[in-house]
Structures are given as C-alpha cells and as structure tokens.
Amino acid sequence: MLQLQRVRDNKDAIIEALKKRNIDADAMLNGVLHLDEKRRALQTELDNTLAESNSLSKEIGNLFKSGKGAEANELKAKTTTLKETSKKLGEDLNNIAEELQNLLYQIPNVPHESVPAGSTDEDNEEIFREGEIPELIEGALPHWELAKKHDIIDFELGVKVTGAGFPVYKGKGARLQRALISYFLDKNTEAGYTEIQVPHLVNEASGYGTGQLPDKEGQMYHIQADDLYLIPTAEVPVTNIFRDDIVKKEELPITYTGYTPCFRREAGSYGAHVRGLNRLHQFDKVEIVRVEQPENSYTALDGMVEHVKNILRELELPYRILRLCGGDLGFTSALTYDFEVFSTAQDRWLEISSVSNFETYQANRLKLRFKDEKGKNQLAHTLNGSSLALPRVLAGILENYQTKDGIQIPEVLVPYCGFDSI
RNA sequence: GGAGAAAUGGCAGAGUGGUCGAAUGCGGCAGUCUUGAAAACUGUUGAGGGUCACACCUCCGGGGGUUCGAAUCCCUCUUUCUCCGCCA
C-alpha cells in the first residue's frame with residue numbers, strides 16, 4: 001500500500017510511473033487525495049467535538065466534587081448533543097477511512113525507474129544469460145515422459161489421490177526433491193540467511209500484510225471453517241513475522257530462509273504449457289526474505305541476484321535473467337528480476353526464481369518500521385526471492401542432464417542424493 | 001471438548017469510575033563524576049492522527065455497551081496459563 005504522504009507529495013510522478021504498468025492512475029489518486037482531505041476535515045471536527053466534551057466532563061466532575069450538583073446537571077444536558085454529534089462524525093469518519101483504505105489497496109506499487117514499460121512478458125528485458133545449452137541426445141524426452149520412463153514422478157497417482165497438479169514423487173524422484181531442498185537451504189544459510197520453519201496456513205491479516213489479499217483472493221486455497229489460507233509462498237508467513245513490529249536499526253538487515261510447500265489454485269490455466277511440472281497446485285520452494293534499511297535495499301537486491309546466480313552456476317544449468325516490464329510486474333513489487341532456466345526438450349525457458357524489492361509497499365501494510373538514528377520510526381524495505389523453486393529446476397535437470405545411459409545428477413547434488421544417475 | 005484464572009508501555013509489574021497515557025523497577029538514550037569504562041547520581045524514554053510548530057484527538061488483547069466521564073463496570077470474541085478429557 002502506498003503511503004498517503006507520498007501520494008500527497010508526488011502525485012504526478014506516481015501517475016507517470018504507473019503508466020509503465022499500463023495503468024491510468026489519475027482518477028484513483030485524485031480520489032485518494034479527495035478522500036484524504038475529507039478524512040482530515042472530519043477528523044478535525046471530531047477532535048474538536050471530543051475536546052469540548054472532554055473538558056465539560058472534567059468540569060462536571062469538579063462541580064460534583066465541590067457539591068454544586070445543580071450546575072453539574074445543567075452541563076450534563078449540554079453533553080448530550082455533543083455525544084450525538086461525535087457519534088455521527090465518528091461513523092462518517094470510519095466510512096471515509098474505509099473507502100480510502102480500499103482505494104489505496106487497489107493501487108499497485110510504483111515501479112522502480114529501471115523498470116521498462118511494456119504490457120506482456122514479451123516486453124521483459126533480458127539482462128544476463130549464462131550457461132551452455134546442451135546438445136540433445138537422439139530421442140530426448142520432455143521431463144514428464146522421463147518421469148514416467150524412470151518411474152520417479154507419478155502424475156496420474158496424484159490425480160487419483162487429490163487431483164491434477166498434485167504430483168506424487170517416488171523413489172529417486174522423491175530423494176532428489178529432498179536433496180534439492182537441503183542443498184538450497186545449505187546454500188542460503190552459508191550466505192548468512194537464518195533457516196526458519198513457518199506455518200503453512202495463515203490468517204486473513206497475514207494475507208493482507210504481504211498483499212495477496214485482496215488482490216489475489218481467488219488464487220489462494222481458503223479453509224472456510226477456520227478462515228485460514230494455504231500459503232502460496234513462504235513470503236507470506238515469513239514476512240508477516242514482522243507485522244506491527246518496530247525493530248532496532250542495528251537488527252537490520254534481517255535475513256531468513258525457509259522451505260515450504262506452496263499452494264496455488266492457478267484458476268484458469270490450461271494447455272501444453274502447464275504439462276508435467278510446469279505448473280502445479282502444490283509445489284516446493286525455498287525462499288529468501290530480507291528486511292532492509294531503505295538506503296540498502298537495492299544493493300541487497302543485487303546481492304540476492306548474485307546469490308541465485310551462484311546456485312545456478314553450481315547446478316550447471318543454462319539460465320537467463322529478465323528485468324520484468326511494468327505490465328508483468330507483480331502488484332506489490334517495485335522491481336523484479338525473474339530467473340529462467342532453459343528446458344532443452346521443451347525448447348523453452350521456465351521461470352524458476354523471482355527476486356523482488358517491495359520497498360515500503362508491504363512494510364506500510366505490515367506496519368513494519370525501524371527506529372532511525374534520530375529515534376524516528378521509519379518504514380523498512382522488504383525483499384524476497386526464490387532460492388529456488390523446485391519443480392522447474394527439477395524439470396531442467398531431468399531434461400538437460402539426460403544421456404543415453406540415463407539422467408546424470410549434477411555433481412553438487414550427488415552427496416545429497418546418494419546416487420549419481422537415474 | 002469441559003472447569004477455573006488472566007491479558008496494562010521494550011520487559012517486569014501497580015492501578016477497580018474523574019486528579020491515568022498510566023506508579024515503580026529493569027532496560028534504552030543523554031549528562032555529571034572518571035584518563036577511559038563500570039558503579040553511583042541527574043534527566044529523558046510508547047504508538048498513531050493532526051499542526052509550520054504548538055494545541056488538540058485516539059489507543060491499557062479485539063469488538064460492542066453502560067456513564068457527563070471507563071485501563072477500571074457489563075456483554076462478546078480471541079489468546080495465554082492451570083486442572084480434566086482426547087491425541088501424533
């Protein structure tokens with residue numbers, strides 16, 4: 001959620017920047033300012049009414065104490081109208097404040113200046129590419145066929161037990177999953193991130209805190225009986241640890257890594273692009289989350305990008321990095337880099353990581369602040385990234401590492417797997 | 001799931017209708033003393049709105065109510081603790 005003060009001070013610049021998202025925010029921002037003005041006027045009126053009624057109450061108390069009951073009762077009559085007025089004003093104020101909040105919720109984050117304009121993923125800007133795309137062996141297969149051939153992932157079984165998009169990993173497939181999780185967590189903790197295990201279900205307030213609600217209501221699984229949501233990413237529970245928090249400046253940066261399954265309804269997706277592991281309702285992901293001082297957040301973002309690069313180098317997977325264009329940028333993000341690994345057998349790039357700086361957008365919703373050197377509370381910056389998402393990494397490994405003699409396991413993973421080929 | 005008790009500032013903890021945004025202690029910050037530090041002493045120290053700055057307003061787990069006036073009384077929800085039941 002954008003800060004009101006920022007909207008007041010930089011309306012035109014924000015409108016201009018939001019054009020990169022192909023949004024004409026003019027009406028919305030003017031609406032915000034209009035409601036804000038109304039809100040402040042009402043607040044002042046209410047404050048004055050309450051002040052008057054407070055001082056009357058004090059007077060009444062004093063009169064009673066000095067035995068002037070008659071005078072006190074006279075004043076009491078006056079407070080009745082004040083009470084009615086303040087009740088009415090309070091209701092109006094609540095309505096306006098709610099309207100203002102709802103409008104603010106609808107405005108996405110302001111893109112960073114480096115974000116290219118554009119409307120679809122076609123307009124994303126490739127900024128880096130590394131790794132050799134292997135030459136395919138004859139009869140190379142896409143990962144879903146490899147999975148079947150080696151009996152390591154059973155999609156049909158998942159359909160039987162749950163439904164489409166819930167695969168069952170078996171034998172070496174299951175072990176490879178576990179190996180990847182351990183390997184990613186190890187790489188992240190080596191880089192200084194603290195490992196953390198968090199709930200896989202969150203409440204509504206957490207959904208609002210990181211911005212999945214109300215924007216992506218339909219994308220999360222909702223357990224109505226208890227009003228809880230299955231997490232779409234570890235970002236939600238991990239970042240919400242800091243909801244309503246004021247941390248000390250010395251405690252920053254805060255860096256966490258956690259493994260969780262992720263649940264996404266992915267309503268409306270279909271077709272060849274969602275085959276196999278390409279798109280699932282449940283998948284595993286290891287996430288990194290940072291809370292930073294504003295002046296450090298972009299350096300931190302670059303550091304996260306380097307960190308993910310190193311992992312992909314070690315796995316020897318061909319990948320590229322995209323700077324997302326305004327149209328493809330997530331609602332809450334100011335700048336996002338997507339990592340894509342090349343899937344040889346499918347002849348396409350698969351997104352495996354998304355590294356973002358949310359600046360104060362989430363922090364403002366979360367009320368996550370830190371005390372600066374002047375003792376003033378300031379909103380922190382939040383960042384997160386996948387490091388990494390499992391299924392498409394697995395797809396990339398299966399497809400890129402297939403040989404005549406089976407699938408080779410990347411060297412760094414062999415100690416984690418306990419075998420070197422499938 | 002049943003019975004009882006509780007929820008106050010960073011922490012501990014007082015406060016049972018007006019003098020309470022809240023005693024006291026610890027912690028934090030600043031100062032005195034000291035070569036420096038510690039100790040001791042003095043001062044200061046919650047959040048949000050609002051204002052050029054004040055004033056002023058709101059917040060004592062959440063929501064609602066009683067009252068001229070609520071941290072304090074009533075209702076309700078949530079959470080925690082103790083006891084019982086169930087259980088990986």
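Just so it is clear: chains get the letters A, B, ... in the order the sequence lines come, proteins before strands, and each one is counted from 1.
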Charged N to carboxylate O below 4.0 Å: is that the case for A:E306 and A:K309?
-> yes
For atom C1', what is the distance between B:rC41 and B:rG50, given to the nearest Å?
-> 39 Å
C1' atom, B:rU16 versus B:rU67: distance in rounded Å?
-> 16 Å
Taking atom types as modelled and ignoring hydrogens, do the side chains of A:Q5 and A:R8 form a donor-acceptor contact shorter than 3.5 angstrom?
-> yes
Taking a pair as Watson-Crick or G-U wobble with both distances under 3.5 Å, which nucleotide is matched to B:rU19?
-> none
Considering only the C1' atoms, how many Å lie between B:rG17 and B:rG65, rounded to the nearest integer?
-> 16 Å
Considering only the C1' atoms, how many Å lie between B:rC54 and B:rG27, rounded to the nearest integer?
-> 32 Å
Distance, P atom - from B:rU79 to B:rC86, rounded to whole angstrom | 23 Å
Which base sits across from B:rG1 as a Watson-Crick or G-U pair, both distances under 3.5 Å?
-> B:rC84
Contact class for A:S57 (heavy atom, under 4.0 Å): base, sugar-phosphate, or nothing?
-> base
With a 4.0 Å cut-off (strictly under) to non-hydrogen atoms of chain A, the first and last hit nts on RNA chain B, 5' to 3', are B:rG18 to B:rG69
Re B:rU67: Watson-Crick or G-U wobble partner, both distances kept under 3.5 Å, found to be none
When we call it a touch if two heavy atoms are under 4.0 Å apart, what does A:K371 touch: a base, just sugar-phosphate, or nothing?
-> sugar-phosphate
Separation of the C1' atoms in B:rG46 and B:rG28, to the nearest angstrom = 13 Å
Residue matched to B:rC41 through Watson-Crick or wobble contacts both under 3.5 angstrom | B:rG31
Is a side-chain donor-acceptor pair under 3.5 Å present for A:R243 with A:S206?
-> yes
In terms of side-chain heavy atoms, does A:S119 have a donor or acceptor partner in A:N22 at a distance below 3.5 Å?
-> no
Once you apply the 3.5 Å cut-off to both distances, tell me the Watson-Crick or G-U wobble partner of B:rA6, or none.
-> B:rU79
B:rC52 - base-pair partner by Watson-Crick or wobble geometry, distances under 3.5 Å = none
How would you label the contact of A:I60 with the nucleic acid (heavy atoms, under 4.0 Å): base, sugar-phosphate, or nothing?
-> base
Pair assignment for B:rC59, Watson-Crick or G-U wobble, requiring both distances under 3.5 Å | B:rG46
Atom pair CG/CG of A:L390 and A:L277 - distance to nearest 0.5 Å = 10.0 Å
With sequence neighbours left out, the residues meeting salt bridge (charged side-chain N to carboxylate O under 4.0 Å, His left out) with A:D420 are none
Identify whether any heavy atom of A:N73 sits under 4.0 Å from a base atom; if not, whether one sits that close to sugar-phosphate; answer base, sugar-phosphate or nothing.
-> nothing
Is it true that the side chains of A:D186 and A:Y416 contain a donor and an acceptor less than 3.5 Å apart?
-> yes
Rounded C1' spacing from B:rA37 to B:rG48 in Å | 40 Å
If you pin A:R369 and A:K76 to their nearest nucleotides in RNA chain B, which one's is more 5'?
-> A:R369
Is any NZ, NE, NH1 or NH2 atom of the basic residue among A:K285 and A:E287 found under 4.0 Å from an Asp or Glu carboxylate oxygen of the other?
-> yes
Pairwise C1' distance for B:rC83 and B:rA71, with rounding to whole Å = 30 Å
Residue whose closest nucleotide on RNA chain B lies nearer the 5' end, A:L56 versus A:A51 = A:A51
Report which part of the nucleic acid A:N62 touches: base, sugar-phosphate, or nothing (heavy-atom distance under 4.0 Å, all strands).
-> nothing
